[in-house]
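Working notes for the structure below.
As the structure lists them, so they are numbered: ligands from 1, and atoms in each ligand from 1. Scope of the values below: all heavy atoms of this structure, side chains included, with no hydrogens, waters or symmetry mates.
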Amino acid sequence: MPLHTILIKPASGLCNMQCDYCFYCDETARRETASYGMMTEETLRNLIKKAMFQAEREICFAFQGGEPTLRGIDFFRKAIEYENRFNRNRVRVMNTLQTNGLALNEEWCRFFHENHFLIGVSVDGTQEIHDRYRHDKNGGNTYGRIRENIRMLDQYGVEYNILTVVTSQTAERIREIYQEYKRNGWGYQQYIICLDPLDEEPGKMEYSLTPEKYGQFLVELFRLWDRDWKRGKAPYIRQFENYVGILLGYPPEACEQRGICSVQCVAEADGSAYPCDFYVLDEYCLGNYNSDRISEMLTCETARRFVEDSQQISITCRDCEWYTLCRNGCRRRRGKEKEDGQYRDYFCEGYRYFFRHCGERLREIAEFLRERSC
Ligand code: SF4
Ligand code: SF4
Ligand code: SF4
């Protein structure tokens with residue numbers, strides 16, 4: 001079984017920030033060992049070696065956290081060295097790194113540029129919204145420092161995406177945020193639903209996003225995007241591009257649009273493996289990169305059950321005209337239905353509102369692109 005992506009946590013859940021809604025802090029607090037500390041070079045070597053031998057054609061090493069830059073730049077230099085050393089299958093290697101942007105400096109920027117890293121930087125819209133939930137360890141504001149560091153990424157020609165967590169507050173002010181991103185020249189954007197704490201009733205936190213607000217957010221963002229799309233000046237917004245891609249017949253790029261989970265091979269700092277970033281929990285541990293074969297971890301009973309559990313589909317979804325585009329969203333957000341005991345995305349009503357208002361226009365865009373490519 002070829003391996004495409006491996007998600008690595010060099011500093012476990014450790015972070016130099018303290019965001020109010022951090023899903024990974026919530027997850028790590030539910031494990032026997034909350035933090036596995038810093039990944040050793042030996043573990044890094046073992047997992048890169050195994051991943052390179054398992055890969056065919058291409059592989060992506062995606063570094064995440066917590067905050068991965070806490071592990072220090074020399075660790076990443078080692079990663080590049082191991083990727084080169086163990087590339088016996090001559091596969092194409094990509095590196096991505098998801099950061100809060102707080103600790104970036106010229107040395108990091110130079111390194112990212114020289115080694116063609118694609119960086120994801122988390123920013124929540126405007127200064128006011130960002131600083132409401134994204135604090136440093138002392139509770140201080142972070143927007144100003146991160147904004148400066150993104151300018152540095154620009155100066156060094158580093159490729160990056162902006163990742164924005166959609167809270168109740170970002171959803172309400174998406175027009176303002178969209179204009180701000182345009183002024184900043186942030187052409188690659190990804191909007192991620194803010195998760196409520198695991199196994200708790202959704203919608204109870206101050207930052208909680210409701211299905212209604214999410215639907216309105218999607219419609220407003222889509223209309224802004226579409227207006228620019230007609231002028232050939234739209235930014236890349238991953239979710240909309242994916243919808244158009246599906247309508248053009250391409251397989252869904254995001255796992256939440258596939259209707260079924262896949263095993264994503266997350267590596268915690270001690271080398272233990274998990275099927276998805278949202279399930280780095282003791283009961284989902286698949287094995288350890290230091291001692292087990294990747295092929296065995298991918299096909300073990302826990303992995304099989306993880307995928308199988310995501311296949312349950314509610315009657316509402318089965319009869320839904322938007323199923324091809326939505327496919328019941330991410331399993332982490334699904335709740336049990338009263339009628340049939342099956343699972344449906346908590347944000348269903350938001351999606352339906354969006355598709356009702358913008359689905360036809362999505363189809364038009366796909367049709368236009370199909371004709372143009374003929
Ligand atoms: S920067 Fe990311 S990992 Fe760190 S506290 Fe915030 S959400 Fe969590
Ligand atoms: S839980 Fe969500 S993110 Fe994880 S594999 Fe399933 S669909 Fe993807
Ligand atoms: S819109 Fe709702 S009913 Fe339709 S596929 Fe998505 S979650 Fe299911």
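- The part of Gln264 lying near ligand 2 is the side chain, judged by heavy-atom distances below 4.0 Å.
- Heavy-atom contacts from other residues, nucleotides or ligands closer than 6.0 Å to CD of Glu200 number more than 12.
- Those atoms of ligand 2 that come under 4.0 Å of a heavy atom in Phe278, given as number and element, are 3 (S).
- In the vicinity of Tyr279, heavy-atom distances shorter than 4.0 Å reach the ligand 2 atoms 1 (S).
- In this structure, Phe112 has its ring center no closer than 6.0 Å to that of Tyr156.
- Atoms of ligand 3 lying under 4.0 Å from at least one heavy atom of Tyr323, given by number and element, are 5 (S).
- A cation-pi arrangement is present between Arg88 and Phe53 under the rule of less than 6.0 angstrom and at most 45 degrees off the ring axis.
- Ring orientation note: the planes of Phe63 and Phe117 are close to parallel, at an angle under 30° on the 30°/60° scale.
- Both the sub-6.0 Å distance and the 45° axial angle are satisfied by Lys9 relative to the ring of Tyr24.
- Among the backbone and side-chain atoms of Cys19, an N/O/S atom is found under 2.8 Å from atom 6 (Fe) of ligand 1.
- In this structure, Gly66 counts as a contact residue of ligand 1, since one of its heavy atoms falls inside 4.0 Å of the ligand.
- Of all atoms in ligand 3, listed by their number and element, those nearer than 4.0 Å to a heavy atom of Arg352 are 1 (S).
- Both tests pass for Arg331 against the ring of Tyr279: distance under 6.0 Å to the centre and angle within 45° of the axis.
- Closest to atom 6 (Fe) of ligand 3 among all protein heavy atoms lies Cys326 SG, 2.4 Å.
- Side-chain rings of Tyr188 and Tyr160 stay apart, their centers remaining 6.0 Å or farther from each other.
- Shortest contact from atom 3 (S) of ligand 2 to any protein heavy atom: Cys255 SG, 3.4 Å.
- Looking only at heavy atoms of the protein, atom 2 (Fe) of ligand 2 is closest to Cys330 SG, 2.3 Å.
- Every atom of ligand 2 with a heavy atom of Arg331 under 4.0 Å away is listed here by number and element: 1 (S), 2 (Fe), 7 (S).
- Here the shortest heavy-atom distance to atom 7 (S) of ligand 3, taken over Ile313, Asn328, Asp319, belongs to Asn328.
- Here Tyr191 and Phe217 bring their ring centres to under 6.0 angstrom of each other.
- Rounding to the nearest 0.5 Å gives a distance of 10.0 Å between OG1 of Thr28 and OH of Tyr36.
- To the nearest 0.5 angstrom, Cys255 atom SG is 12.5 Å from Arg327 atom CZ.
- Under 2.8 Å from atom 4 (Fe) of ligand 3 lies an N/O/S atom of Cys320, whether from backbone or side chain.
- Counting protein heavy atoms only, atom 8 (Fe) of ligand 1 is closest to Cys22 SG, 2.4 Å.
- Neither the backbone nor the side chain of Glu67 comes within contact range of ligand 1; no heavy atom lies under 4.0 Å.
- Of the protein's heavy atoms, Cys15 SG, 2.3 Å lies nearest to atom 4 (Fe) of ligand 1.
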